[in-house]
Amino acid sequence: MKAFIIFLLCMTCSLITQGQNRKGLNGATITPPKFIRIPGSMSATQEQEFQSIDDYMKTHVSYPAEALKRYKYGTEVIGFTVTPQGEVSDISIINSVASEIDEEVTAVLKTTNCMWKPGYINEEAVPMEKEISVVFKLEEQSVTEIVERARVDFTRACEMLLLKQKPRQALKYFDRGIMLLPKDRTFLALRGLTRYDTGDKEGAIRDWTRIKQLGGTEGEEYMQQLRTLNGYEDLLITMKGYEEMSALLSK
């Protein structure tokens, strides 16, 4: 059985910057970090081949045999900081498909150390966070099939949570669905409420904070549909700002 890996576009987190300059707070010009292949022993053809972090990772990341043996597939999301010196630091796993995949992607990302042009605020180089999404799937699977599998998990999770009132069973389906679609805000909002219902308030706030990092919820109408669920008020508080997190955790 063969495996296949898809590399999605990079996106930044902390400053919500994309691949171009933009205005930030107080009118500051924010320039996000950019992956560069430092010239050296490579030929011009090779330099062109590695013109993006996606190209570089595609060439170097392998599907771990143990993960493949255990039929582990989904979307790996890894975050990191690009320092003012163009180094990679503070690597963290945002969404884990398997421990072997965590290790593989982390190891390859570390090889890009000093291959980055740092991010700038105005003309000053500053540390900036970035993240990369990598889809690991089996050869016979299509992206459409993976999305459909996630939808099935979502339906089952909602049935367990809302109809049968079995949050712990619902959590298993939410976890599996988020492994496939880790940036789906609906999944994250409902898994947060499910975690809250099982007593995992800290995990709930992590999910809701992640929604804020990704750019909010699906909309006011969608949020109102959740208003009867346990934890809804704390979800609203969390979405208002990071400063509420410590207050919630101390309750």
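For the atom pair CG (D200) and OG1 (T198), the distance works out to 5.5 Å, reported to the nearest 0.5 Å. How far CD1 of I132 is from CE of M57: 4.5 Å, rounded to the nearest 0.5 Å.
At least one side-chain heavy atom of I78 sits under 4.5 Å from a side-chain heavy atom of T106. Here the side chains of L190 and L193 are in contact, with some heavy-atom distance below 4.5 Å. When side chains are defined from C-beta on, E76 does not count as touching N95, because their heavy atoms never get closer than 4.5 Å.
Between Y73 and F136, the shortest heavy-atom distance links the atoms CB-O, 3.2 Å.
Judged by distance alone, with hydrogens and angles left aside, the side-chain atoms of D184 form no donor-acceptor pair with the main-chain N or O of I178 at under 3.5 Å. Under a 3.5 Å cut-off, the side chain of T209 and the backbone N or O of R206 do not form any donor-acceptor pair. Of the possible donor and acceptor atoms, one in the side chain of Q141 sits under 3.5 Å from a partner among the backbone N and O of L138. Between the side chain of E104 and the main chain of S62, a donor-acceptor pair closer than 3.5 Å is present.
In this structure, M179 is a member of the same hydrophobic cluster as L68, with clusters built from ILVMFWY side-chain heavy atoms closer than 4.5 Å. In the hydrophobic clustering of this structure, V152 does not group with L181; members are Ile, Leu, Val, Met, Phe, Trp, Tyr whose side-chain heavy atoms approach within less than 4.5 Å, directly or through other members.
Partners of T155 according to the side-chain contact (heavy atoms from CB on, under 4.5 Å) rule, which considers only residues two or more places apart in sequence or in another chain, do not exist here.
When the shell of 6.0 Å around CZ of R70 is examined, it contains more than 12 heavy atoms from other residues, nucleotides or ligands.
Salt-bridge formation is detected for the pair R149/D153: a Lys NZ or Arg NE/NH1/NH2 atom is positioned less than 4.0 Å from an Asp or Glu carboxylate oxygen.
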- [ ] Quick one: do K183 and E131 satisfy salt bridge (charged side-chain N to carboxylate O under 4.0 Å, His left out)? Show the steps, please.
- [x] CA-CA 12 Å; K183 296 181 182 179; E131 66 181 52; 3.3 Å; yes

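Between F187 and F154, a ring centre-to-centre spacing shorter than 6.0 Å is recorded.
Side-chain polar atoms of D55 and S52 form a donor-acceptor pair below 3.5 angstrom.
Residue pairs satisfying the side-chain hydrogen bond (donor to acceptor under 3.5 Å, both in side chains) criterion with at least one member in residues 79-93, sequence neighbours excluded, are listed as follows: T83-Q85.
In the hydrophobic clustering, where aliphatic and aromatic side chains (Ile, Leu, Val, Met, Phe, Trp, Tyr) are joined below 4.5 Å either directly or transitively, Y120 stands alone.
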